[in-house]
Each structure stands twice: as structure tokens, then as C-alpha cells.
Protein chains: 2
Amino acid sequence: MHTSAIPTTSPERTVTATRPRPILRDVGREAQSCLGCSLRRICMPIDVADPEAKVLFEKLVASRIRLRKGDVLFRAGERFTALYAIRVGSCKTVALADDGDEQVTGLHLPGEIIGVEGIGNDVHVAQAVALEDTEVCVLPFERIEALAQRDTGFRRRLYRLLSSAIVRERSLSLMLGTMRAEQRLASFLLDLSSRYQMRGYSSTDFVLRMTREEIGSHLGLKLETVSRLFSRFAEEGLIEVQGRVIKLCDRIGLQHLLAAS
Amino acid sequence: MHTSAIPTTSPERTVTATRPRPILRDVGREAQSCLGCSLRRICMPIDVADPEAKVLFEKLVASRIRLRKGDVLFRAGERFTALYAIRVGSCKTVALADDGDEQVTGLHLPGEIIGVEGIGNDVHVAQAVALEDTEVCVLPFERIEALAQRDTGFRRRLYRLLSSAIVRERSLSLMLGTMRAEQRLASFLLDLSSRYQMRGYSSTDFVLRMTREEIGSHLGLKLETVSRLFSRFAEEGLIEVQGRVIKLCDRIGLQHLLAAS
DNA sequence: CGACTAGTTGAGGCCAGTCAATGTTGGTGG
DNA sequence: CCACCAACATTGACTGGCCTCAACTAGTCG
């Protein structure tokens with residue numbers, strides 16, 4: 001069930017770090033059931049009662065893929081065949097406009113499922129790139145379809161996955177449309193913080209996996225602006241910055257920034 | 001099947017034109033099948049072969065609702081019970097941030113289906129408001145669910161609906177994150193133009209249903225900026241403007257604006 | 001007619017972009 | 001181990017696009 005043809009995309013025009021490199025496909029790691037996965041609570045929080053459906057659920061993951069930093073999981077224009085659940089590491093998704101403009105639309109952490117925009121199109125409209133060494137589970141669409149048809153709970157999960165992607169994109173628009181630079185960055189940091197916390201990591205100390213340029217692209221800012229803001233936040237005692245190592249010192253202060261018009 | 005409780009939302013804080021007004025529910029117009037609908041090609045372009053599914057398909061629309069300009073179809077926080085297909089008129093969808101910020105996230109024309117963000121949440125996260133006298137079909141979620149379970153084509157249609165909502169939101173983000181004011185407005189006009197064309201209306205002459213402020217909110221600009229840009233586009237011979245009546249004179253010129261860095 | 005909303009246009013200020021120089025970090029090979 | 005290089009990051013000076021504030025006009029409705 002490999003993708004039979006790798007569609008031609010323009011020769012690598014990415015913000016950073018995406019050297020042209022052969023696409024790595026299944027590394028032959030044996031699949032594993034979601035049932036025993038430690039990320040299940042975040043990734044697939046459903047119960048499947050019906051025995052037949054349960055069998056399908058256990059076989060949802062066809063394989064695992066290992067990615068090194070900079071590896072491309074899927075490209076825009078490539079045929080949609082599966083969703084991917086991040087098990088270890090992190091990925092960015094990058095949207096490409098017709099005119100070559102591009103934007104980091106999302107930063108995805110373990111337990112998140114990516115690739116949903118392709119689900120109605122048969123084609124991916126975005127690109128996913130690993131930000132560090134990363135491992136993802138491959139959920140082939142036929143299996144998703146089959147399980148969705150049989151099990152109501154899973155179908156609900158699928159709806160939720162899609163609608164929360166809509167909501168996420170929308171809140172990004174809201175941010176880009178209404179916030180000023182400092183608010184965007186504060187909002188970004190707070191969002192990251194709470195997502196790390198949800199996964200049992202520190203909510204105050206973490207390492208950014210994106211460059212200033214990628215963060216800027218995500219927030220609709222230039223890298224210099226991002227850099228300046230980090231410095232300013234540090235001066236004001238809101239955070240401590242050491243390259244990509246971040247420490248949130250004053251969460252309340254950051255939240256106040258958001259409230260300010 | 002009416003919504004049993006109307007959740008309390010903050011007392012009307014919208015960009016414009018949304019006077020507090022009693023929510024109008026079903027006006028008692030008899031439902032009608034999608035099969036004979038002139039918008040079906042745009043709205044529900046599927047064939048349902050299986051006879052049982054066909055019965056469900058014919059009964060998809062429970063009722064129609066008529067809205068006058070400014071009427072609210074659903075509010076953020078309100079329970080999600082149905083999708084709505086626009087038959088006549090147009091609606092805007094408005095997203096509300098925690099801090100009171102709001103943004104027009106979409107302008108919806110006949111044949112479009114709105115409310116999909118609520119599909120996984122049981123709750124609407126946005127507000128939909130009629131921009132003119134408007135009529136919508138009510139597609140109760142139970143009926144959608146039932147048909148989706150039975151018919152593969154319809155299920156695909158549902159996926160497509162959701163994923164294209166993701167793509168639409170994403171391209172809005174892309175616009176807000178990467179384009180300058182004149183490009184945003186040009187892009188907005190060209191998008192509207194092609195959507196009118198798709199519906200058999202003139203692609204060059206149309207009436208904006210939104211105020212400058214609403215357009216600005218959608219594009220992440222202030223109303224003065226929108227107004228100035230309309231004037232400038234008119235000066236440059238790209239368009240003619242007469243209040244809300246727009247005539248696109250130089251489509252190519254507008255497209256050139258997009259390409260320019 | 002007055003009150004109100006929508007739209008236009010001008011003057012000035014500020015936030016973020018641009019251009020440029022310099023510093024820092026991490027990986028590679030001698 | 002260190003030298004070197006490239007990618008990443010920081011900081012400064014300047015610019016300009018969009019926002020803000022404000023005045024004025026046009027149309028609408030009671």
C-alpha cells in the first residue's frame with residue numbers, strides 16, 4: 001500500500017531546514033495497537049465495545065515511520081493515503097500559496113494527528129516536516145473508513161478531529177487578524193506551554209524546535225521581530241531565553257499582554 | 001426537535017448590524033428534497049443509489065428558516081444540532097476570542113453549508129448572521145449521521161465538506177500572515193468574483209453585502225484602510241465602486257497585485 | 001427635519017518591516 | 001582537540017504601511 005507515484009513538486013522551496021533528501025517511507029518497524037499506547041488518552045480517547053470493531057481498532061496502525069530532522073512526511077500535491085499520529089518528536093505543517101508564499105500553519109506534538117486536510121481531497125494541500133527526530137504511526141485511510149463505518153464512537157472521534165482542526169485554523173486566523181506582534185508571541189508561548197503540560201512535560205521549561213524564522217512564519221512576523229520580542233520579554237522578566245531554551249517566568253504577565261488591546 | 005435551551009451569550013457584541021432581536025426559528029415552511037434543488041450541483045453533488053439511503057437523502061432537510069438582515073442563525077456556545085445550507089441570500093460567520101476580539105471568518109453564498117465547526121463539539125464556536133434576507137435549509141445532525149453511516153458517497157461528501165473548511169480557513173491564515181493590505185483586498189474581490197461566477201452570476205458586477213468594517217474585520221484591516229484601497233483601486237482603473245456596488249474592470253491587474261511581493 | 005449609520009478623506013504617529021553588521025552555536029574534517 | 005564554516009540569532013538605524021484620530025459627506029429612517 002505504498003504511494004505508487006511520488007508527484008512532482010517544485011524543487012524544495014521551504015522556509016528552512018528542509019534540505020532535499022530522499023523521502024523515507026516505512027522503516028519496517030512492526031505496527032502496534034493503540035490499545036496499549038501511552039498517548040492513547042490524547043490521541044485516541046475512545047472505547048470500542050463491539051468485538052468486530054475492536055479488531056479493526058487494534059489494526060488501525062499499519063506501520064511506523066521514523067523521520068530525522070528535516071525529513072518530509074508528506075508534500076503538498078502528494079496523494080492522500082493515510083493520517084499520521086505523532087508518537088515521538090514534533091512536526092511542522094507548511095501551507096504553500098500559488099505564488100510561492102508559504103507559512104507554517106501548525107506545530108504538532110506527540111499524540112496529535114496530522115494530514116486531515118487531505119481527507120476529502122485525495123490530495124494533501126500542505127507539507128509536513130519533522131522538526132527533530134520523530135516517529136509517527138501510519139493510519140491508512142481505508143482502515144479509518146472501515147472503522148468509522150462500523151463504530152459510532154470512532155466516527156465521533158473522526159468528526160472531532162476534523163472540526164477541531166477547523167477551530168485551530170480559525171483561531172490562527174483570529175490571531176493573525178486581530179493581534180499585535182507581542183500578543184501573538186505571548187499567545188504562542190502560552191499555547192505551547194499548556195500543550196506540553198497536557199502531555200506531562202514541564203509547562204514552564206521547554207525547548208523550541210523551530211527557528212526564529214519558522215516561528216515568525218507561523219505568527220505572520222519577520223524573524224528579526226521575533227528575536228527582538230524574545231529579548232524584550234526577557235528584559236521585562238516575563239521569560240528567560242537561551243537560544244531555543246525557554247523558561248516562562250511570569251505566566252500571568254504574558255496573559256495580561258493578551259488582554260491588552 | 002427544537003433546541004431546548006438557548007444558552008446565554010454575552011449581550012450582543014458584534015461588529016455591526018446585529019441588533020438584539022429574538023431568534024427566529026422554523027418559519028414553518030415545508031421541507032423540500034435536495035433532489036430537485038437547483039443548487040444541488042454546488043451543495044450536494046452526490047448520487048445515492050441504494051434505495052434505503054435514497055429515502056434518507058430525500059428527507060435530509062427537516063425545514064427551512066427565513067432570516068432577515070441581521071438575524072442570527074446560531075451563536076457561539078449554542079448547542080450544535082444541525083448544519084445549514086444557504087438557499088437564498090448570504091451569511092457571515094464571526095469568530096469570537098476570549099478577550100472579546102472578533103473577526104469575520106467567512107462570507108457564505110447560496111449552496112454553501114455552514115456550521116461544520118460544531119460537528120465534533122456539540123457546540124457552535126462561531127456565530128452566523130444573515131447579511132441580507134436569507135433562507136437556509138436545516139440539516140439535522142441525526143439525519144446526517146444516519147445517512148453518513150449508510151452511504152459511502154455521502155460520507156465522502158461530508159469529509160470533503162469538513163476538509164475544505166480546513167483548507168479555506170488555512171488560506172485565510174495564509175492571506176493574513178503573508179499578504180499586504182492591497183493584496184488582501186484584491187484576493188478577496190477575485191475570490192468573490194469566481195464564487196459568483198460558479199453560481200451563474202456575473203463575475204464582474206456584484207453587490208457587497210458587508211460594510212467596510214466587516215470586510216476589514218475579515219481581512220485583518222481597519223475600515224478606513226479598506227475604504228482607501230477601494231478608492232485607490234478605482235483611481236487605478238482596476239475597479240469601479242459605487243458604495244457597495246462593485247465592478248471589476250481589470251481582473252488581470254488585480255491578479256498582478258497578488259503576484260507582487 | 002434631526003439623528004444615525006455608512007463611507008470618504010486627510011494629517012500624523014507608531015509598529016513592524018527592511019537592510020545591514022555582528023555575535024553565537026553546532027557540526028565537520030584535519 | 002581545535003579550526004573552520006554555515007546556519008541561526010541578535011541588535012541597530014531607518015523606512016514605510018497601516019492605524020488612529022478627526023472632520024466631513026451621503027443616504028436612510030422615524
Side-chain angles (χ1 to χ4, degrees), chain A residues 12 14-20 68-70 92 101 103-104 129 131-133 175-186 188 207-235 239-246 257 260-261, chain B residues 12 14-19 68-70 92 101 103-104 131-132 175-186 207-235 239-246 257 260-261:
Chain A
E12 290 299 347
T14 48
V15 173
T16 71
T18 331
R19 304 141 255 177
R68 278 179 304 156
K69 184 176 171 178
K92 66 173 177 179
D101 270 1
Q103 185 181 31
V104 174
V129 182
L131 292 169
E132 58 191 306
D133 287 4
M175 181 173 81
L176 296 174
T178 65
M179 289 186 181
R180 298 211 276 67
E182 56 173 23
Q183 298 177 302
R184 296 184 202 179
L185 190 62
F188 173 71
V207 177
L208 297 171
R209 297 300 180 179
M210 296 200 288
T211 65
R212 302 290 190 258
E213 185 171 17
E214 289 168 318
I215 295 170
S217 166
H218 184 49
L219 302 179
L221 303 171
K222 292 292 152 182
L223 76 165
E224 295 95 331
T225 305
V226 174
S227 180
R228 268 185 254 273
L229 285 171
F230 273 132
S231 303
R232 221 185 71 203
F233 283 2
E235 259 177 47
I239 62 175
E240 280 173 26
V241 194
Q242 189 66 254
R244 301 198 186 174
V245 183
I246 298 286
L257 281 183
S261 153
Chain B
E12 289 300 347
T14 48
V15 174
T16 70
T18 331
R19 302 142 256 175
R68 279 177 302 157
K69 184 176 171 179
K92 65 173 178 180
D101 270 2
Q103 184 180 31
V104 175
L131 291 168
E132 59 192 306
M175 181 173 83
L176 296 174
T178 65
M179 289 185 181
R180 297 208 280 75
E182 57 173 21
Q183 298 177 303
R184 296 184 202 179
L185 189 62
V207 177
L208 298 171
R209 297 299 179 179
M210 295 198 290
T211 65
R212 302 290 190 257
E213 185 170 18
E214 288 168 318
I215 295 170
S217 165
H218 185 49
L219 303 178
L221 304 171
K222 292 290 152 184
L223 77 168
E224 295 96 329
T225 304
V226 174
S227 179
R228 269 185 253 273
L229 284 170
F230 273 132
S231 303
R232 219 184 72 201
F233 283 2
E235 259 176 46
I239 62 176
E240 281 172 23
V241 195
Q242 189 68 252
R244 301 197 187 174
V245 182
I246 299 285
L257 281 184
S261 152

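Note on naming: letters A, B, ... go to the chains in the order of the sequence lines (proteins, then strands), and numbering restarts at 1 for each one. In this text, all values refer to a predicted model and were calculated from it rather than measured experimentally.
- Side chain of A:R180, nearest nucleotide from D:dC19, C:dC15, C:dA6: C:dC15.
- In the helix from C:dC1-D:dG30 to C:dG30-D:dC1, the end axes, each obtained as the rotation axis mapping the C1' atoms of four pairs onto the next four within a five-pair block, lie 40° apart to the nearest 10 degrees.
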Between the protein and nucleotides 21-24 of chain D, which nitrogen or oxygen pairs are less than 3.5 angstrom apart?
from: D:dC21; atom 1: N4; to: B:E224; atom 2: OE2; distance (Å): 3.3

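- If you check every strand for non-hydrogen atoms under 4.0 Å, B:G216 touches nothing.
- We find that CZ of A:R232 is positioned 8 Å from P of C:dA16, with the value rounded to whole Å.
- B:K69 places its NZ atom 13 Å from the C1' atom of D:dC29, with the value rounded to the nearest Å.
- Salt-bridge annotation for B:E132 and B:R209: present, with a side-chain N of the basic residue lying under 4.0 Å from a carboxylate O of the acidic one.
- Separating the CD atom of A:Q242 from the C1' atom of D:dC8 is a distance of 14 Å, rounded to the nearest angstrom.
- To the nearest 0.5 Å, atoms CG (A:L221) and OG (A:S227) are separated by 12.0 Å.
- At least one side-chain nitrogen or oxygen of A:S231 sits closer than 4.0 Å to the OP1 or OP2 atom of D:dT11.
- Separating the CG atom in B:L223 from the CD1 atom in B:I215 is a distance of 10.0 Å, to the nearest 0.5 Å.
- A side-chain contact (heavy atoms from CB on, under 4.5 Å) with A:F188 is found for one member of A:Q183, A:H218, A:M175 and no other, namely A:H218.
- When the side-chain nitrogen and oxygen atoms of B:R244 are compared with OP1 and OP2 of C:dG7, one or more of them lie within a distance under 4.0 Å.
- Distance CG/A:L219 to CG/A:L176: 7.5 Å, rounded to 0.5 Å.
- In the set C:dG17, C:dT8, D:dT20, the nucleotide with an atom closest to the side chain of B:K222 is D:dT20.
- Nearer the 5' end of DNA chain C, as judged by each residue's closest nucleotide, is the contact made by B:R212, out of A:A181 and B:R212.
- Note that CZ of A:R180 is 9.0 Å distant from CG of A:L257, once rounded to the nearest 0.5 Å.
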Practice problem: Step by step, work out the side chain to side chain contact (heavy atoms under 4.5 Å, CB included) result for A:V207 and A:I246. | Solution: CA-CA 6 Å; A:V207 177; A:I246 298 286; over 6 Å; no

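- One atom, CD of A:E182, and another, P of C:dG17, lie 13 Å apart when rounded to the nearest Å.
- Out of C:dA6, D:dT11, C:dT9, the shortest distance to the side chain of B:S227 is found at C:dT9.
- Here C:dG7 is the nucleotide among D:dA9, C:dG7, C:dA16 with the atom lying nearest to any side-chain atom of B:T211.
- As a whole-Å value, the separation of B:R184 CZ from D:dC19 P is 8 Å.
- Every pair tested for salt bridge (charged side-chain N to carboxylate O under 4.0 Å, His left out) that includes a residue from residues 219-229 of chain B fails, sequence neighbours excluded, so the list is empty.
- Among the heavy atoms of the strands lying under 4.0 Å from A:L221 are primed sugar atoms or P, OP1, OP2 only; no base atom is included.
- Atom CD in B:E213 sits roughly 19 Å away from atom P in D:dC18 (whole-Å rounding).
- Ion pairing between a basic and an acidic side chain is recognised when a charged N comes within 4.0 Å of a carboxylate O; A:E182 and A:R232 show such pairing.
- Atom CG of residue B:L229 and atom CZ of residue B:R212 lie 10.5 Å apart, to the nearest 0.5 angstrom.
- In this structure, the nucleotide among C:dT8, C:dA16, C:dG7 sitting nearest to the side chain of B:V241 is C:dT8.
- In this structure, A:L229 places its CG atom 15 Å from P of D:dA9, rounding to the nearest Å.
- Residue A:L176 contributes atom CG, which lies 13 Å from atom P of C:dA16 at whole-angstrom precision.
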